[in-house]
Amino acid sequence: MADHSRPTAPDWEKEHLLAGFDRLYARLVAWARNAPAWPPFEEASGLVRRLEPRLKAPEIDLDRALVVGFLGGSGTGKSTLFNALLGRPVSRAGKEYRPMTRRAVVACHPSVDPRFLGLDDDDMEVHKINVPMLQQMILVDCPDPDTQDPEDGAGGVKHLDILRTVLPHCDVLVHTVTSQKYKSHVVGRELLKNAPGRQILYVQTHSKLDEDNRRDLRTYLDGLGLDVPEVFRLDAADALRNQELGEPVDAEFARFRDLLEHELASRARHRIRRANLLGLYDWLLATIRPPIDAGLDAVGRLERSMDADRAALLAKVRARMTERIDANRRLWRSRVLRALTQAWGAGPLAGLLGLWSAGGSLVRSLILLRARTPTQAMLAGGLALSQLAGEKWRERQAAGAWAAEADLGLTEADVARARSVLRGHLADAGINSPAPASTTATPRDLSAEQLADVAVAAYQKLDTEAGAIIERRVATRASRPVHVLFEAAFCLLPAYLAFHMGRNFFYEHLWNRAPLLGLDFLLQAALWCLIWGVLLGFLLLHLLNRGIVRELKGAVIRLSPADLFESLYADSAAACLSIRGHAATLDSIARELGQLKGAVGGGGVLDLGLGGLRTNGRPATTGAEAQASIDPIPPMIEPVVPASTARDRGPVKREVAT
């Protein structure tokens with residue numbers, strides 16, 4: 001025995017398909033709710049919110065009866081075609097009844113409750129007919145949109161309200177025209193407003209009386225942005241008359257009726273509903289994408305403007321910093337000397353270089369040694385302290401010069417001008433300008449604050465680069481082998497002098513009675529040792545300092561605008577990045593929609609002669625027009641109910657049981 005509790009392959013396919021629709025719905029709704037504050041996103045989010053009830057694909061909607069609505073101008077044979085399909089005169093048609101259709105005429109199976117169409121009992125005329133065509137289909141003859149019902153009174157539009165209530169519930173629209181009446185602005189507007197997410201059958205009636213005008217009709221519909229795979233040409237009045245006389249109908253009408261009864265309602269019902277839902281998503285994305293793309297062009301111009309402004313400001317900063325590097329060569333050489341003494345540590349030459357680095361302190365100590373009285377010592381100490389304070393102050397001034405306004409080459413006017421240009425581009429891109437941190441701050445105060453931030457950032461960046469360059473040069477050009485080599489070279493002269501003094505004392509004086517070398521020799525030896533050490537130090541420092549200014553200027557060139565002007569452009573850059581990221585998410589949703597269309601076989605039903613709104617070109621309605629034209633279906637759509645349930649709810653007015 002077969003296990004009927006185990007899911008079959010079609011069941012799995014159906015569940016997988018519904019899961020794909022649910023995932024697409026959840027992503028699009030989340031995208032709309034989490035959109036950044038930007039006019040194109042706000043417009044798109046509003047449209048998604050209006051269509052949100054129709055974007056959901058509950059399983060019960062895929063299984064309910066197919067709703068086919070007949071839409072056309074007065075006199076186009078719409079009601080006659082409705083009657084001919086049912087094989088009996090149900091909806092009033094003829095010149096004596098103009099406007100022919102004042103209410104929605106609904107033909108359904110006796111087991112169906114049509115109140116899910118959203119109409120009051122007085123606004124629809126229900127005919128419950130037990131015929132095979134209505135087993136899984138509901139036919140609705142909609143009111144004429146291009147005439148006024150006399151019962152509405154002067155300026156009445158009740159028939160339009162009924163029409164706009166019924167059409168959102170239709171799965172397929174049958175659009176009827178004649179060779180004389182096919183360019184109706186009112187009918188075309190209602191057709192375009194309800195085309196998204198619906199399939200359309202195009203029918204030219206009165207074929208026995210009028211000439212074939214389908215080529216002009218195709219051109220007109222194509223101009224509206226509609227796909228027209230096929231236009232049926234038939235005579236509904238002749239078909240109804242033949243059925244009343246028991247005679248066969250012509251082949252074109254029979255083919256059209258067979259398409260509705262056997263292809264659409266029976267075999268292609270689920271396929272049409274999936275195509276409708278995919279078409280609605282396709283239209284929605286095609287509608288909201290052009291304003292977003294146009295806005296992204298403005299965002300791109302804003303980004304290019306920010307890059308140009310930052311480059312101009314950075315050029316001024318680089319030029320001024322390059323001048324300051326040339327003017328402060330002594331500062332970099334002293335930093336190299338300090339780094340060298342710290343890296344070498346002990347050694348005769350290292351000690352001499354340390355004395356060289358601390359030359360000011362040595363001079364001050366010599367002044368203190370010459371003091372003979374407490375008063376002289378106090379004066380010497382005060383002088384030494386003042387010199388030390390002056391030296392430290394000059395070092396701080398040299399270091400702090402990088403953060404000074406003049407040394408950056410920028411003024412408050414430069415920053416204010418850049419901010420003004422930035423606000424203009426922000427307005428063009430539709431991005432709200434960031435508010436100042438304090439509501440009481442003036443533009444001048446804000447510019448000064450931004451300028452100080454830029455100065456500190458530039459100084460910190462360059463100081464870090466300079467320290468890294470100096471450490472790298474000392475590590476590579478004054479490594480341990482170089483240290484040993486220079487120490488050995490420095491010790492050659494003192495060693496030779498010591499050898500000469502020892503030879504003079506132990507050999508020449510003791511054995512040859514030569515006179516001893518005097519104090520003047522010691523002083524000259526010390527002087528020449530000092531000179532030798534200074535020469536070696538100059539050589540070493542020359543090796544270390546050669547090209548350091550060029551490297552520091554290279555560090556200035558490597559300064560990034562983002563590092564310097566982050567505080568000035570951070571909010572705008574973050575807004576642009578957020579907008580581009582959210583737009584990329586929409587692209588991902590579009591790709592997922594394409595994959596879902598591929599999973600359900602493309603989602604199209606063109607092989608059945610059904611057309612719809614064309615989304616691969618320019619959409620028929622965009623932006624605010626789309627929001628104004630879409631009437632969302634209520635979230636809870638009442639499905640087909642048994643006849644007993646319908647009777648429990650009370651009778652429906654104008655119900656004709658057949």
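In this chain, numbering begins with 1 at the start of the sequence shown.
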Just jot down the salt bridge (Lys or Arg N to Asp or Glu O under 4.0 Å) partners of Asp250, sequence neighbours excluded, or say none.
none
Arg241 meets the salt bridge (Lys or Arg N to Asp or Glu O under 4.0 Å) criterion, sequence neighbours left out, with Asp238
Selection residues 25-34 - residue pairs positive for salt bridge (Lys or Arg N to Asp or Glu O under 4.0 Å), sequence neighbours left out
Arg27-Glu592, Arg33-Glu52
Please confirm whether the backbone N or O of Val174 pairs with a side-chain atom of Lys78, one donor and one acceptor, at under 3.5 Å?
no
Arg215: side chain to side chain contact (heavy atoms under 4.5 Å, CB included) partners, not counting sequence neighbours
none
Under the salt bridge (Lys or Arg N to Asp or Glu O under 4.0 Å) rule, collect the residues that match up with Arg257, sequence neighbours excluded.
none
What residues, two or more places apart in sequence or in another chain, satisfy side chain to side chain donor-acceptor pair (under 3.5 Å) together with Thr205?
none
Would the distance check show the side chain of Asn83 and the main-chain N or O of Ser91 forming a donor-acceptor pair, the cut-off being under 3.5 Å?
yes
Evaluate the side chain to side chain contact (heavy atoms under 4.5 Å, CB included) criterion for residues Asp293 and Arg289: first the C-alpha distance (whole Å), next the side-chain angles of each, then the deciding distance (0.1 Å), finally the verdict.
CA-CA 6 Å; Asp293 290 338; Arg289 190 71 218 193; 2.8 Å; yes
Inter- and intrachain pairs under ring-ring contact (aromatic ring centres under 6.0 Å, His included), touching residues 206-243, at least two apart
Phe232-Phe256
Using the test salt bridge (Lys or Arg N to Asp or Glu O under 4.0 Å), find all partners of Asp222 that sit at least two apart in sequence or belong to another chain.
Arg614
For Asp216, side chain to side chain contact (heavy atoms under 4.5 Å, CB included) partners two or more places apart:
Tyr182, Asn213
Who are the side chain to side chain contact (heavy atoms under 4.5 Å, CB included) partners of Glu247, not counting sequence neighbours?
Asn242, Leu245
Would you please name every residue forming a ring-ring contact (aromatic ring centres under 6.0 Å, His included) with Phe70, sequence neighbours left out?
Phe82
Which residues share a side chain to side chain contact (heavy atoms under 4.5 Å, CB included) with Pro36, sequence neighbours left out
Phe41, Ser578, His582
Do you know which of His175, His185, Arg164 makes side-chain hydrogen bond (donor to acceptor under 3.5 Å, both in side chains) with Glu190?
Arg164
